[in-house]
K.L.:
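The structure is given below, and queries will be raised subsequently.
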Amino acid sequence: MTLYTIAWLAIWMVQYTPIQLLLPLQLDSGDLGENWIDGVVWAGVVLSVGGVIGVIAAPLAGWMSDRTRSRWGRRRPWAIGGSALSAAGFVATGLATGPVSIGAAWILVSVGASVASVAFTAMIADQLLPTQRGAASAAASCAQALGIVLGWVRSFCSGWRSSRPTWPWRC
């Protein structure tokens, strides 16, 4: 249950921190022109396209994981593969410079997070007793709220401190 909760915590940090903080800042970096509205529009486009493709990927991944037969089980290959795809997408997002390349990288993150989320959700029914399923669902939900906060704190303490040296507090 602890590893399950940590996995969900990582998924929520991966999905929500960039959406709320990092991608809008990256897309509003000034490379898109002097008009700040361009950054807002590109953030909307990138996040919308990534979200729609993630929503399409989730049921497809669930359908395929239901039919997977491997020595590691039905869900574990999808959870690991989705996590790896999401990590690769994050690296690509960090290296991307323009809105199109940022958008393509964010699609990788969205698909990877959707695939991993589907696998982790299905693990509740596959691997837990009926009396444990409520606690596992609660752990995933609590990890969502905590993941958003921890992701924000992590971003604030690492990246923003160096880019905004006039702020008086330190992490």
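Every heavy atom of this structure was used, including side-chain atoms; hydrogens, water molecules and symmetry mates were not. Everything quoted here is computed from the prediction, not taken from an experiment. Here, residue 1 is the first one in the sequence, and each next residue gets the next number.
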K.L.:
Could you pull out the closest heavy-atom pair between I124 and A136, with the gap in Å?
P.N.:
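Looking at all heavy atoms of both residues, the closest pair is CG1-CB, 4.1 Å.
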K.L.:
Is there a side-chain contact between W78 and T68 (heavy atoms, below 4.5 Å)?
P.N.:
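SC-SC contact between W78 and T68 confirmed.
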K.L.:
Tell me the closest heavy-atom pair linking P99 and V46, and the distance in Å.
P.N.:
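That would be O-CG2, 3.8 Å.
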K.L.:
So, the side chain of S137 versus the backbone of R133: is there a donor-acceptor pair under 3.5 Å, distance only?
P.N.:
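Yes.
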K.L.:
Mind listing the closest non-hydrogen atom pair of A105 and T93 along with its distance?
P.N.:
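So the minimum-distance heavy-atom pair works out to CB-OG1, 3.2 Å.
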K.L.:
Is there a side-chain contact between I53 and V49 (heavy atoms, below 4.5 Å)?
P.N.:
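Result yes, sub-4.5 Å side-chain heavy-atom pair found.
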K.L.:
Determine, using the 4.5 Å side-chain heavy-atom cutoff (strictly less than), whether I107 and L95 are members of one ILVMFWY cluster.
P.N.:
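Cluster IDs for I107 and L95 differ.
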K.L.:
One thing to verify: whether D66 and R75 come together as a salt bridge, which I'm taking to mean a side-chain N less than 4.0 angstrom from a carboxylate O.
P.N.:
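Salt bridge present between R75 and D66.
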K.L.:
For G51 and S110, which heavy atoms make the closest approach, and how far apart are they?
P.N.:
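Nearest pair, atom of G51 first, then S110: N-OG, 4.4 Å.
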K.L.:
Shortest non-hydrogen contact from T5 to A139?
P.N.:
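T5 and A139 have their closest heavy atoms at OG1-CB, 3.2 Å.
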K.L.:
Roughly how far apart are L85 CG and S114 OG, rounded to 0.5 Å?
P.N.:
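Here the rounded value is 10.0 Å.
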K.L.:
Taking all atoms of both residues into account, what is the closest heavy-atom pair of P59 and V55, and its distance?
P.N.:
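Heavy atoms of P59 and V55 come nearest at CD-O, 2.9 Å.
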K.L.:
Do the ring planes of W8 and F120 sit parallel (below 30°), tilted (30 to 60°) or perpendicular (above 60°)?
P.N.:
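Judged by the thresholds at 30° and 60°, the geometry between W8 and F120 is tilted.
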K.L.:
Could you measure the distance from the CG atom of L3 to the CG atom of L9? Nearest 0.5 Å is fine.
P.N.:
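It is 12.5 Å, given to the nearest 0.5 Å.
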K.L.:
Hydrophobic clusters here meaning ILVMFWY residues chained together by side-chain heavy-atom distances under 4.5 Å, can you tell me if V45 and L108 are in one?
P.N.:
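Yes, V45 and L108 fall within the same hydrophobic cluster.
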K.L.:
Would V52 and L60 show up in the same hydrophobic cluster when neighbours are defined by side-chain heavy atoms closer than 4.5 Å?
P.N.:
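Same cluster: V52 reaches L60 through Ile, Leu, Val, Met, Phe, Trp or Tyr contacts under 4.5 Å.
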K.L.:
Any chance you could measure S65, atom OG, to R76, atom CZ, to the nearest 0.5 Å?
P.N.:
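Between atom OG of S65 and atom CZ of R76 there are 13.0 Å.
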K.L.:
Quick check against the 3.5 Å criterion: does R67 have a side-chain atom that pairs as donor or acceptor with the backbone of W63?
P.N.:
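Yes, R67 side chain to W63 backbone: donor-acceptor pair under 3.5 Å.
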